[in-house]
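Quick note on labels: first sequence line is chain A, next is B, and so on, each numbered from 1.
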Amino acid sequence: MTVAPDVLAVRRLVRWFDREGPDLPWRRTRDRWAVLVSEVMLQATPVARVIPYYESWLTRWPRAADLAASSVGDAVAAWQGLGYPRRARNLHAAATVIAQSGWPDASRYQDLPGVGAYTADALRCFADEQPVLPEDVNVRRVVARRFPAGWPGAPRGRGWHAGQAMMDLGREFCRARAPRCDDGCPLRPGCPAADAGVVHEVTPVTRRQARYEGSMRQRRGFLLKALAEDGRVRVSSDPEAADSLVAEGLADRRGSLLVPAGSA
DNA sequence: GTCCAGTACG
DNA sequence: CGTACGGGAC
């Protein structure tokens, strides 16, 4: 009985992770709330920037019920600098659901606000240690290049390690534009994309973002920053951006002032 | 100027 | 299915 080469490659990947995988703070816990916080923070935000926020959030709000007892405005203010403040609002809303109804069944994770297909799978893999592979853009790229026949699955009981390893490998070696195949990638042996030299063609082209300077994003961000620092802003300073924040539940309007959401 | 562990909305 | 959403880092 022979073992498929791709299965051996995944074993090699997991051994590499055990040996050289970075010691990120959220990897020291299987606490489901902590995993949810880290995953939402990591949505569209680089690892290095998340670390200090993760530690301060878990210190301030160690359980979902603790965040649920704070206001949305406190969550949004503590998010300052992480980007996409709706994720802070979503996390607060999810904490409220969890505080009221308990942690949901694994099949209902996507019912939590702000939890989509990726984050639901990440919770199953990293919190529940179920044998699923969370597919973010990096992991999809690694699978497309290295396992064109499909993900062969993780060794029994090593799904968590395999998932973490695929994330790290996608970020460190199998990068979108300039992959570092020959710089020690543990999946380099037997990689069809690297062998064929078609690595760049496999990569989906990311859509160009609109100019940030002068955008509604920047204007909203400016108001939220002032809100976090001063606790209030004149609506008249940017009525359009203020309305947009209120419409999304990221701030409240009190007369001519914009105030933190849910503040007393 | 480009990139970044995605999601929700029309 | 296309689009909007932050802002620091390289």
_Exceeds 12 heavy-atom contacts within 6.0 angstrom, atom CZ of A:Arg156_ = no

*Quote, to the nearest angstrom, the C1' distance that separates C:dG6 from B:dT2.*
15 Å

*Between A:Arg60 and A:Asp66, is there a salt bridge with N-O shorter than 4.0 Å?*
no

_Span that lies between the P atom of C:dG8 and that of B:dT7, in whole angstrom_ = 23 Å

*Do the charged groups of A:Arg27 and A:Asp168 touch, with an N to O distance under 4.0 Å?*
yes

*Between A:Tyr212 and C:dG7, is there a side-chain N or O to OP1/OP2 distance below 4.0 Å?*
yes

*Length of the OH-C1' vector between A:Tyr54 and B:dA5, whole Å*: 14 Å

*For A:Arg87 and C:dG7, what is the distance between atoms CZ and P respectively, to the nearest whole Å?*
11 Å

*asked:* Does a side-chain N or O of A:Gln80 approach OP1 or OP2 of C:dG7 to a distance below 4.0 Å, or not?
replied: yes

*Is it true that atom CZ of A:Phe222 has more than 12 heavy atoms of other residues, nucleotides or ligands lying nearer than 6.0 Å?*
no

*Please report, rounded to the nearest Å, how far the P atom of C:dA4 is from the CZ atom of A:Arg211.*
16 Å

*Tell me, yes or no, whether the heavy-atom count around A:Arg108 atom CZ, taken from other residues, nucleotides or ligands under 6.0 Å, exceeds 12.*
no

*The side chain of A:Leu24 lies closest to which of these nucleotides: C:dG8, B:dG6, B:dA5?*
B:dA5

*Using atom CD of A:Glu248 as one end and atom P of B:dC9 as the other, report the distance to the nearest whole Å.*
9 Å

*Considering only heavy atoms, which members of residues 92-112 of chain A lie under 4.0 Å from some atom of DNA chain B?*
none

*Within the structure, does a side-chain N or O atom of A:Arg220 lie under 4.0 Å from either OP1 or OP2 of C:dG6?*
yes

*Around A:Arg30, counting heavy atoms of other residues, nucleotides and ligands shown, do more than 12 lie under 6.0 Å from its CZ?*
yes

*Looking at A:Arg220 and A:Asp238, does any basic side-chain N land under 4.0 Å from a carboxylate oxygen?*
no

*Give one of base, sugar-phosphate or nothing for A:Trp26, where a contact means two heavy atoms less than 4.0 Å apart.*
base

*asked:* Check A:Asp18 with A:Arg15, please: is the shortest side-chain N to carboxylate O separation under 4.0 Å?
replied: no

*Whole-Å gap separating P (B:dC4) and CZ (A:Arg175)*: 9 Å

*Ring centers of A:Trp57, A:Trp79 separated by less than 6.0 Å*: yes

*With sugar-phosphate meaning primed atoms plus P, OP1 and OP2, does A:Pro85 contact a base, only sugar-phosphate, or nothing at under 4.0 Å between heavy atoms?*
sugar-phosphate

*Taking atom P of B:dG6 as reference, at what distance in whole Å does atom CG of A:Leu82 sit?*
14 Å

*Side chain of A:Arg177: nearest nucleotide among B:dG6, B:dC3, B:dA5?*
B:dC3

*Do A:Arg87 side-chain atoms and A:Val40 backbone N/O form a donor-acceptor pair below 3.5 Å?*
yes

*asked:* Between B:dG1 and A:Glu213, counting only base atoms on the nucleotide and side-chain atoms on the residue, is there a donor-acceptor pair under 3.5 Å?
replied: no

*If you group Ile, Leu, Val, Met, Phe, Trp and Tyr by side-chain heavy-atom gaps below 4.5 Å, do A:Leu67 and A:Leu42 land in one group?*
yes

*For DNA chain C, what residues of residues 29-48 of chain A have any heavy atom nearer than 4.0 Å?*
A:Ala44, A:Thr45

*To the side chain of A:Arg27, which of B:dC4, B:dA5, B:dT7 is closest?*
B:dA5

*For A:Ser215, which contact category applies under a 4.0 Å heavy-atom criterion: base, sugar-phosphate, or nothing?*
nothing

*asked:* In whole Å, I'd like the distance from the CD atom of A:Gln164 to the C1' atom of B:dA5.
replied: 10 Å

_For DNA chain B, the residues among residues 222-234 of chain A that have a non-hydrogen atom under 4.0 Å from it_ = none

*asked:* Test your reading of the model: is there a side-chain donor-acceptor pair from A:Ser38 to the backbone of A:Val35, 3.5 Å cut-off?
replied: yes

*Value rounded to 0.5 Å, distance of CG in A:Asp6 from CG in A:Leu13*: 11.5 Å

*asked:* Rounded to whole Å, how long is the line connecting atom CD of A:Gln209 with atom C1' of C:dG8?
replied: 13 Å

*asked:* Just to be sure I understand the rule, does A:Val50 reach a base, reach only the sugar-phosphate, or reach nothing, if contact means heavy atoms closer than 4.0 Å?
replied: nothing

*Consider the side chain of A:Asp168, meaning its heavy atoms from C-beta on, and name the nucleotide among C:dG8, B:dG6, B:dA5 that approaches it most closely.*
B:dA5

